[in-house]
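We name chains A, B, ... by the order of the sequence lines, and we start the count at 1 in each one.
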2 protein chains.
Amino acid sequence: MNKSTAPLILEQFLPFRLSRLSESISLKFAQHYKREFGMTRPEWRALAALGQLGTLTSTQICQHSNMHKTKVSRAVQALNQRGWLHRKRDKADRRIEYLQLTQIGRRRYTKLVALAHQFQSDMDSTMSAAELATVNEAIRILEQLKVNGVSTNKAKPT
Amino acid sequence: MNKSTAPLILEQFLPFRLSRLSESISLKFAQHYKREFGMTRPEWRALAALGQLGTLTSTQICQHSNMHKTKVSRAVQALNQRGWLHRKRDKADRRIEYLQLTQIGRRRYTKLVALAHQFQSDMDSTMSAAELATVNEAIRILEQLKVNGVSTNKAKPT
DNA sequence: AATCAATGGTTACAATTGTAACTTAATTAG
DNA sequence: CTAATTAAGTTACAATTGTAACCATTGATT
């Protein structure tokens with residue numbers, strides 16, 4: 001059987017399967033925080049990164065969450081306007097801005113985290129321990145492939 | 001340790017991990033067909049579904065690939081304008097349109113499939129057989145969760 | 001120190017997307 | 001048989017996004 005004339009079985013094609021999966025799961029989760037907190041996905045992601053890691057620059061958020069820098073820029077603006085984070089310029093290098101959640105931001109973050117834990121444990125509870133282990137192992141494997149790298153902040157190649 | 005005050009470890013949170021993964025992998029693959037065939041992601045997906053499954057309606061493409069119906073509608077228009085598919089109304093129920101690839105469409109499809117197989121085997125070759133099995137098994141598990149369902153074509157709930 | 005390249009970040013503008021409303025056709029209820 | 005519902009698919013419009021160009025600042029080269 002000549003491979004080049006065989007059709008592509010989408011149900012076996014990794015990019016297809018992954019994005020179909022990821023989109024439905026992320027959408028499902030997004031419904032929660034969209035409805036209850038009026039947040040967009042990029043905002044949620046930036047908030048989550050800052051909540052977990054403390055102080056970050058926009059560039060670091062880009063790298064960590066693999067989002068485009070304009071997305072991050074706008075998410076950060078939105079969070080800032082709501083008073084959920086504040087910005088602090090680096091004294092030494094005044095291009096750099098450190099971002100950090102405010103009191104209010106941290107309170108929101110705590111609520112969101114509860115949602116997330118709930119969501120995760122709902123998913124987990126539909127799997128056996130062994131299945132869960134398989135899932136985690138698989139994702140770990142894929143993450144190491146590092147096919148990675150949305151262009152987050154790089155200059156154009158010459 | 002009270003869970004409700006613990007931060008969320010994004011590196012362990014399934015929706016986050018999946019979408020980070022999926023986005024970088026899909027983007028990587030998209031670069032190929034975008035550059036070489038000038039196709040968008042929805043177009044590629046519609047083409048792939050039709051190539052594999054033969055004749056489909058727009059609604060079926062929605063369900064199969066979990067894309068929003070307007071996305072599919074526009075992708076189908078684009079493919080149609082390029083002469084890659086043709087539409088045929090159902091005689092009995094004239095709301096329904098059967099979509100099918102043309103000669104040209106099938107030729108394009110064949111080329112795309114070669115790209116996809118290449119991509120897949122590149123990925124596969126960076127994993128051991130056991131790892132590959134784990135990955136496939138994990139995705140299978142997640143697919144069964146069926147947290148599923150982008151609203152593709154449903155009427156509003158009353 | 002003057003010039004040129006690179007970096008962190010923002011923004012204008014164009015392309016892509018989703019929501020809701022619409023069209024046409026079929027189905028069901030009265 | 002007509003009116004109200006529902007389905008397949010399209011489209012207008014607003015929101016979201018990405019690309020490329022842009023500041024401002026720093027670092028490197030001479």
Taking side-chain contact (heavy atoms from CB on, under 4.5 Å) as the test, write out the residues that go with A/R74, two or more places apart. A/T70, A/Q77

Under the 4.5 Å side-chain heavy-atom rule for ILVMFWY, direct or indirect, which residues accompany A/I96? A/Y98

Applying side chain to side chain donor-acceptor pair (under 3.5 Å), can you list everything that pairs with A/Q12, at least two apart in sequence or on another chain? none

Which residues pass the side chain to side chain donor-acceptor pair (under 3.5 Å) test with A/S19, not counting sequence neighbours? B/R45

Looking at residues at least two apart in the chain, or sitting in another chain, which of them share a side-chain contact (heavy atoms from CB on, under 4.5 Å) with B/T40? B/P42, B/E43

Rounded to whole Å, how long is the line connecting atom CD of A/Q60 with atom C1' of C/dG9? 14 Å

Integer-rounded Å distance: C/dT7 P and A/I96 CD1: 12 Å

Please list, pair by pair, any protein nitrogen or oxygen found under 3.5 Å from a nitrogen or oxygen in nucleotides 15-18 of chain D.
from   : atom 1 : to    : atom 2 : distance (Å)
D/dG18 : N7     : A/R74 : NH2    : 2.9
D/dG18 : O6     : A/R74 : NH1    : 3.3
D/dG18 : O6     : A/R74 : NH2    : 3.2

Ordered by number, residues from residues 75-88 of chain A within less than 4.0 Å of DNA chain C (heavy atoms) are A/Q77, A/R87

Between B/S73 and D/dT10, is there a side-chain N or O to OP1/OP2 distance below 4.0 Å? yes

With B/E97, which residues qualify under side chain to side chain donor-acceptor pair (under 3.5 Å), at least two apart? B/R87

Those residues that, when tested against A/A138, pass side-chain contact (heavy atoms from CB on, under 4.5 Å) (two or more places apart): B/T134, B/V135, B/A138

Partners of B/R106 by side chain to side chain donor-acceptor pair (under 3.5 Å), sequence neighbours excluded? none

Report the residues that fulfil salt bridge (charged side-chain N to carboxylate O under 4.0 Å, His left out) with A/R108, sequence neighbours left out, ordered by chain and then residue number. none

Rounded to whole Å, please give me the gap between CZ in A/R89 and C1' in C/dT10. 11 Å

I'd like a table of atom pairs between the protein and nucleotides 23-28 of chain D - only N or O on both sides, under 3.5 Å - with the distance next to each one.
from   : atom 1 : to    : atom 2 : distance (Å)
D/dT25 : OP1    : A/R94 : NH2    : 2.9
D/dT25 : O2     : A/R95 : NH1    : 3.3
D/dT26 : OP1    : A/A92 : O      : 3.3
D/dT26 : OP1    : A/R94 : N      : 2.9

Between A/C62 and A/H68, is there a side-chain heavy-atom distance shorter than 4.5 Å? no

